[in-house]
Each structure stands twice: as structure tokens, then as C-alpha cells.
Undergrad: 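I have a structure here, written as C-alpha cells, and I will follow up with some questions on it.
This structure is a prediction, so every number in the text was calculated from the model and none was measured. All values below were derived from every heavy atom in this structure, side-chain atoms included, with hydrogens, water molecules and symmetry-related copies excluded.
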Amino acid sequence: MIVLGHRGGRGDGWPAENSLEAFQRALDEGADGVELDVRLCASGEPVLLHDPSLTRVTGGVDTRPVHAVPRHELPSLAGGARVPDLASALDLLRGRIVNVEVKADVPAELPLVRAVARALARAPGTEVVVSSFDPAIVLAFAVLAPRVPRAMLVGARTPRLAAALPLALRPAIVAAHLDEAIITPSRGERLRRAGLRVVAWTVNDAARAAALAAMGVRWLITDDPKALVASVGSVSPRR
């Protein structure tokens, strides 16, 4: 079973999400790699922030949208961690698995896709899959970075698309990344029969992780890598 740390990891005592410190802790806890979020800042670098604004990560001190802030003005995160760019994360995660979620709530999608594609081209040696909730972003990567594996993200708000959307995008994608709450045996079977890998997010319960493994899910994204590795990390096959 592949276990990826969600934004590295989250919860009491964790370093700031999407920070190099969180990624390193996930690896130290036995994760095979991490899931991270990427969007553009004002100076054009792909940086690792989940939200479209800085409000949550600064506790309300800075409410500016990320796309309006140049790299050198990005504030420190909790614990003093810096907001990393994608290149720094890929360097740290060399030889590991990295799920790069390309954010869809951005002012312009194509510049973000191009910037991420450039960063990935300069970072060989890392097993990367790019994913997005926006099919247009996924298809743009199929054109601009055809060698990079792609996945379609589907959330709990659109459960009817759990199988339909990934199947519609086949063969442009290799995987369906689904909110764990909408994964059922029948949906998982339909996707696997089409040759798609089923990836579940965000799985923090050991019993649910075991149930998903029994359905054929082979990648889990979790806030608690240590617990998931301990509970299902030995399930095989690992791909």
C-alpha cells in the first residue's frame, strides 16, 4: 500500500502544512511520499499553498490573495517555516512519490500549468502525478507535459461524478483521486476495470483504510502517515 502524507501531515504538533518540515516528518514516519498543493504567486513562481488567500495560514494577519503577493513578500508560516516553491519540494522529495495538486481556483490556469510543467521537467528522479479538480487543467498537462502521469480529483460534493468523470477522461489520466467518503466497491471496480488506479483522500481512520484496501484501493492520502503506515502499510501490491 502506498501512503502519502496530506500536505505532509496535519494535526497537533505538526509543522505547517505544505512546508518542507512537514514533508520531512511524513517521510520520517514512513510515508512513501506526499501530496502537496501548488498555485502561482505574483512573481510567477509555483508555490505551495492550499488556499487562494493567506488568511488561514497567517491566522488572519495577512488576507491578501496569493496571486497578488510576490515570492519575497510571502509571510512565514506557523513555526517560522517559509512557504516553499515547487522546485524546493521536489528537491527534498527526490526518489519519493509526489502528488502535485494543481489548484483550480486561480485567476489564470494556463500560466500555472506551464510553470508547474517547467518545474517538473527540471526535477528528474521523482515519481510525480499531477491532479486537479478541473478537467481543463488535467488535459492541459496532457498536451504540455505528456510524460507526466495525470489524475482526476473528485470530491464528495459531486459523488455522481466519482466514476463518470475519470472514465470520460480516460486515456488522458492514469488514476482517479476520490474523496474516501464516495468510494464504494462498485465504483472502485468500474474504475479498476478501466485500468485506472484508485486513490483515496483524506483517510485518517485505520478501519476505513483497511476497508478501502479490501476494495482494491492501493494509494491512501492521510493527515497521519505514522498511523496509516502502521495499519495498512504492509498491504500488497504497493502500486
Undergrad: Output the distance between atom CD (Glu101) and atom CD1 (Ile137), rounded to the nearest 0.5 Å.
TA: 9.0 Å

Undergrad: What closest approach, in Å, do Ile173 and Val138 show between heavy atoms, and which atom pair accounts for it?
TA: CG2-CG1, 3.5 Å

Undergrad: Quick one: closest heavy-atom pair of Pro70 and Cys41, and the distance?
TA: C-SG, 4.4 Å

Undergrad: With a 4.0 Å cut-off, would you call Arg39 and Asp105 a salt bridge?
TA: yes

Undergrad: Which of these, Val198, Ile183, Leu178, Asp205, sits in a side chain to side chain contact (heavy atoms under 4.5 Å, CB included) with Leu212?
TA: Ile183

Undergrad: Kindly determine whether Val174 and Arg197 satisfy side chain to side chain contact (heavy atoms under 4.5 Å, CB included), including the steps that lead there.
TA: CA-CA 6 Å; Val174 300; Arg197 178 174 62 237; 4.0 Å; yes

Undergrad: Measuring from atom CG of Asp62 to atom CZ of Arg56, what distance do you get when rounded to the nearest 0.5 angstrom?
TA: 14.0 Å

Undergrad: So, taking the atom named CD1 in Ile221 and the one named CG in Asp179, what distance separates them when rounded to the nearest 0.5 Å?
TA: 10.5 Å

Undergrad: Does Arg25 come within less than 4.0 Å of Glu29, counting only side-chain N to carboxylate O?
TA: yes

Undergrad: Quick one: do Leu48 and Leu27 end up in the same hydrophobic cluster if we chain Ile, Leu, Val, Met, Phe, Trp and Tyr together by side-chain heavy atoms under 4.5 Å apart?
TA: yes

Undergrad: Mind listing the closest non-hydrogen atom pair of Met1 and Ala213 along with its distance?
TA: CE-CB, 3.4 Å

Undergrad: Rounded to the nearest 0.5 Å, what separation is found between the CG atom of Leu139 and the CG atom of Leu169?
TA: 5.5 Å

Undergrad: Are Glu127 and Arg94 ion-paired here, with the side-chain N under 4.0 Å from a carboxylate O?
TA: no

Undergrad: Would you compute the distance between atom CG of Leu167 and atom CZ of Arg193 and round it to the nearest 0.5 angstrom?
TA: 9.5 Å

Undergrad: Can you tell whether the side chains of Glu189 and Arg187 come within less than 4.0 Å, N to carboxylate O?
TA: no

Undergrad: Hey, is Glu45 close enough to Arg71 for a salt bridge, meaning N to O under 4.0 Å?
TA: no

Undergrad: Quick one: do Trp14 and Val229 end up in the same hydrophobic cluster if we chain Ile, Leu, Val, Met, Phe, Trp and Tyr together by side-chain heavy atoms under 4.5 Å apart?
TA: no

Undergrad: Determine whether a donor-acceptor pair (N or O, by modelled atom type, separation under 3.5 Å) exists between the side chain of Arg192 and the backbone of Val217.
TA: no

Undergrad: With no hydrogens and no angle check, do the side chains of Asn204 and Thr222 hold a donor and an acceptor under 3.5 Å apart?
TA: yes

Undergrad: Taking C-beta and beyond as the side chain, do Thr58 and Thr63 meet within less than 4.5 Å on heavy atoms?
TA: no

Undergrad: Applying side chain to side chain contact (heavy atoms under 4.5 Å, CB included) to Leu90 and Val128, what does each step give before you reach the verdict?
TA: CA-CA 9 Å; Leu90 293 173; Val128 173; 4.2 Å; yes

Undergrad: Classify the ring geometry of Trp201 against Phe133: parallel below 30°, tilted from 30° to 60°, perpendicular beyond 60°.
TA: perpendicular

Undergrad: With side chain to side chain contact (heavy atoms under 4.5 Å, CB included) as the test, would you mind laying out the steps for Leu220 and Ile2 before giving the verdict?
TA: CA-CA 6 Å; Leu220 300 175; Ile2 294 293; over 6 Å; no

Undergrad: Return all side-chain donor-acceptor pairs below 3.5 angstrom for residues 77-88, not counting sequence neighbours, or 'none' if the list is empty.
TA:
| from | atom 1 | to | atom 2 | distance (Å) |
| --- | --- | --- | --- | --- |
| Asp85 | OD1 | Ser88 | N | 2.8 |
| Asp85 | OD1 | Ser88 | OG | 2.6 |

Undergrad: Does Asp37 pair with Arg7 as a salt bridge, N-O distance under 4.0 Å?
TA: yes

Undergrad: For Val100 and Val129, what are the C-alpha separation, side-chain angles and deciding distance, and is it a side chain to side chain contact (heavy atoms under 4.5 Å, CB included)?
TA: CA-CA 6 Å; Val100 177; Val129 56; over 6 Å; no

Undergrad: Kindly compute the distance separating CD (Glu109) from CG (Leu40), expressed to the nearest 0.5 Å.
TA: 11.5 Å

Undergrad: Return yes if some donor-acceptor pair links the side-chain N/O of Ser132 with the main-chain N/O of Val102 below 3.5 Å, else return no.
TA: yes

Undergrad: If you count heavy atoms of other groups shown closer than 6.0 angstrom to CZ of Arg64, is the number above 12?
TA: yes

Undergrad: Any side-chain to backbone donor/acceptor pair from Arg150 onto Pro146? Under 3.5 Å, distance only.
TA: yes

Undergrad: When you measure from the side chain of Ser19 to the backbone N and O of Pro15, does any donor-acceptor pair fall under 3.5 Å?
TA: no

